[in-house]
Each structure stands twice: as C-alpha cells, then as structure tokens.
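Reading through the structure tokens given below for one structure.
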Amino acid sequence: MAAPSSEVERQRDKERTRAEILAVATREFADKGYAGARVDEIAARTSTTKRMIYYYFGGKEQLYVAALERAYATIRALEQDLDVDHLEPEDAIRQLAELTFDHHEANPDFIRLVSIENIHHGEHIARSEALSGMANPALDVLTRILDRGREAGRFRDDVDALDVHMVISSFCVFRLANRHTFSAIFGRDMLDPARRDHYRLMLGDLVIDYLTA
C-alpha cells in the first residue's frame, strides 16, 4: 500500500532539510576546519535549529563525518557510473583522469575537506563504515580498464589500480590544494582558464605515458 501523501511529503522535507544542512556544513568545515566550525553558525545559515541538527546527525563530529561521506560519495558515484567499457583502454583511462580533473576543479570544498581530514590523521574517516568500502567499486572500474590494456599488450603489468588512482589524484589535488603557494612562489596560477586545457591534456598524457612505458 502506498504511503499517505502527507507521510511522503514529510519524508521529502526531511531529506531536503538534511541535504541543506550537509551543504552548509560542508562549506563551514571546508572554510574553518573541524575545530573552527560551529554548529550554531551552520544552524543560523539553514532553515533549521541547532537542536534539529543534533536530531538528524547526533553531534558535530557525526555531522562532519556525514559531510565527508557526502563529498566522497559524489566522486565515487561519478567514477562508478563512467561508461568506458566500449572505449580503447587508453581512451578509457584518459576519460577517467579527466573526470577526476573536472570534479576536483568544480568542487574545491572537497579538496579542503580532504586536506583538513589529513591534518586530523584520517581519524574521522577511519570511524566511518560507509567510507571504508566506498572506493572499491571505483577501483573495480579502473581494474577492468587496466586488465583490458594488459590483455591487448599495451599496458605494463607491474602497476595496479590503486597506483594509477594515486597518480591521478596527486595531480588533481595538488593543482587545487597548492594553488596559492605555487602562485606566490612561481608566479603561475594553476587554475588560470587559459591553461586549463593544457593541464587536462597533460594529466591524461602523464598517465598514459606511465602505463605504456
């Protein structure tokens, strides 16, 4: 039996409220870090209350972990949904690298959250059951691409999916996380729109050259 319309609407309101809280919390944690963020400020910037935030999430730490889970889930879903099985292995790898490049550039708060969590030695992520297995499907996509490349005799066989993921992530995260210090030292903005296509192509070239060396 279908749920009454009022019950459905209450569920939708709950989901909307939770999503709004997470969006605001993500920005607050990204801007001020875990220690500096305030639940009072998050409540003030949403259509809810501090009490309601605690009702939904349990506390500040749980809210922070939920923001991390939401941030990681977004990129993991994009990776998992990438349709590249019909492409040549080199083109498939390039598309995966470009997807990560585009996502990280469009979501700087994700980079800040990851940097903040590393300052905390990953202690909050380690407590998340959701995050512990979230990367596996994305690595499965990458593994399939590498296997196809090896079977065709075009990819080296001494690297695994996590190696390649690390190379792609390193480039994309560095470009965002180190933008300001790199610019101050070398006088070059790595997010200069005029250089975007160059860096996007450069990332794909680096990964392909590594896999085919």
Side-chain angles (χ1 to χ4, degrees), residues 22-23 26-27 29-30 66-119 122 124-125 128 130-150 154-156 158-183 188-213:
L22 277 176
T26 296
R27 175 56 56 87
F29 287 123
L68 283 169
E69 290 172 346
R70 175 178 177 267
Y72 273 100
T74 301
I75 179 62
R76 296 288 90 94
L78 291 172
E79 292 166 340
Q80 188 175 356
D81 291 343
L82 189 65
D83 182 17
V84 293
D85 287 339
H86 64 290
L87 298 177
E88 293 295 318
E90 293 88 347
D91 294 333
I93 285 288
R94 192 179 291 277
Q95 281 208 15
L96 181 60
E98 291 173 351
L99 180 147
T100 304
F101 183 97
D102 294 343
H103 170 271
H104 286 15
E105 181 181 75
N107 296 275
D109 283 350
F110 172 73
I111 306 302
R112 296 190 189 102
L113 281 177
V114 172
S115 299
I116 289 164
E117 182 58 9
N118 274 285
I119 291 173
H124 302 96
I125 281 183
S128 169
L131 285 169
S132 63
M134 194 178 288
N136 293 335
L139 289 179
D140 289 343
V141 173
L142 189 45
T143 297
R144 291 201 306 271
I145 299 172
L146 295 177
D147 286 345
R148 290 197 291 118
R150 293 189 189 103
R154 287 143 70 173
F155 285 173
R156 59 197 295 172
D158 60 344
V159 296
D160 62 19
L162 199 53
D163 290 333
V164 179
H165 176 75
M166 181 176 66
V167 171
I168 294 171
S169 294
S170 297
F171 186 100
C172 296
V173 171
F174 182 93
R175 181 169 170 262
L176 272 293
N178 294 65
R179 174 190 184 185
H180 300 293
T181 52
F182 196 89
S183 178
R188 175 177 292 183
D189 181 2
M190 290 186 287
L191 265 65
D192 181 352
R195 292 184 177 272
R196 183 181 190 274
D197 290 344
H198 167 73
Y199 286 134
R200 198 168 182 263
L201 179 63
M202 177 180 169
L203 170 60
D205 288 345
L206 286 171
V207 180
I208 296 301
D209 287 349
Y210 172 59
L211 286 173
T212 57

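For this chain, numbers begin at 1 and follow the sequence in order. Just the heavy atoms: all of them, side chains too, but no hydrogens, waters or symmetry mates, feed the values below. Note that the coordinates shown come from a computational prediction; the quantities given were computed from them, not determined experimentally.
With a 4.5 Å cut-off on side-chain heavy atoms, Thr100 and Glu79 count as touching. Side chains of Ile208 and Arg94 form a contact here, defined as non-hydrogen atoms less than 4.5 Å apart. Residues Leu206 and Val167 form no side-chain contact, since every pair of their non-hydrogen atoms from C-beta on lies 4.5 Å or further apart. Between Val84 and Asp91, the closest side-chain pair of non-hydrogen atoms is not below 4.5 Å. With a 4.5 Å cut-off on side-chain heavy atoms, Arg175 and Phe182 do not count as touching. You'll find the side chain of Leu191 stays beyond 4.5 Å of the side chain of Tyr199, heavy atoms only. With contacts defined as side-chain heavy-atom distances shorter than 4.5 Å, the pair Ile93/Leu146 qualifies.
Residues passing the salt bridge (Lys or Arg N to Asp or Glu O under 4.0 Å) test with Asp209, sequence neighbours excluded: none. In terms of the ring-ring contact (aromatic ring centres under 6.0 Å, His included) criterion, His180 has no residue partners (sequence neighbours excluded).
Salt bridge status for Arg196 with Glu105: present, with a side-chain N to carboxylate O gap under 4.0 Å. Using a cut-off of 4.0 Å between Lys/Arg side-chain N and Asp/Glu carboxylate O, Asp147 and Arg144 are scored as not salt-bridged. The pair Asp102-Arg200 counts as a salt bridge, with a side-chain nitrogen and a carboxylate oxygen less than 4.0 angstrom apart.
The CZ atom of Phe29 lies 9.0 Å from the NE2 atom of His124; values are rounded to the nearest 0.5 Å. Rounded to the nearest 0.5 angstrom, Met134 CE and Asn136 CG are separated by 10.5 Å. Rounded to the nearest 0.5 angstrom, Arg179 CZ and Leu176 CG are separated by 8.5 Å. In this structure, Asn107 CG and Ile75 CD1 are separated by 8.0 Å, a value rounded to the nearest 0.5 Å. Going from atom CZ of Arg27 over to atom CG of Asp109 covers 4.0 Å, rounded to the nearest 0.5 Å. In this structure, OG1 in Thr212 is found 7.5 Å from CD in Glu90, a value given to the nearest 0.5 Å.
Screening Leu131, Ile125, Leu22 against Glu69 for a side chain to side chain contact (heavy atoms under 4.5 Å, CB included) leaves a single residue, Leu131.
His104 and Phe110 get closest at one heavy-atom pair: CE1-CE2, 3.5 Å. Contact detail for Cys172 and Ala97: the closest heavy-atom pair is SG-O, 4.5 Å. Of all non-hydrogen atoms in Leu113 and Ala71, the two that sit nearest each other are CD1-CB, 4.1 Å. Shown here for Ala177 and Ser115, the closest heavy-atom pair between the two residues is CB-OG, 4.3 Å. Looking at every heavy atom in both residues, Ala161 comes nearest to Thr143 through CB-OG1, 3.3 Å. Of all non-hydrogen atoms in Ile145 and Phe155, the two that sit nearest each other are O-CE1, 4.0 Å.
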Worksheet item: Could you go step by step and tell me if Val114 and Val173 meet the side-chain contact (heavy atoms from CB on, under 4.5 Å) rule?
Response: CA-CA 9 Å; Val114 172; Val173 171; 5.8 Å; no
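Ring geometry for Phe101 against Phe171 counts as tilted: the plane angle lies between 30° and 60°, on a 0 to 90° scale.
Around atom CZ of Arg150, more than 12 heavy atoms belonging to other residues, nucleotides or ligands sit under 6.0 Å away.
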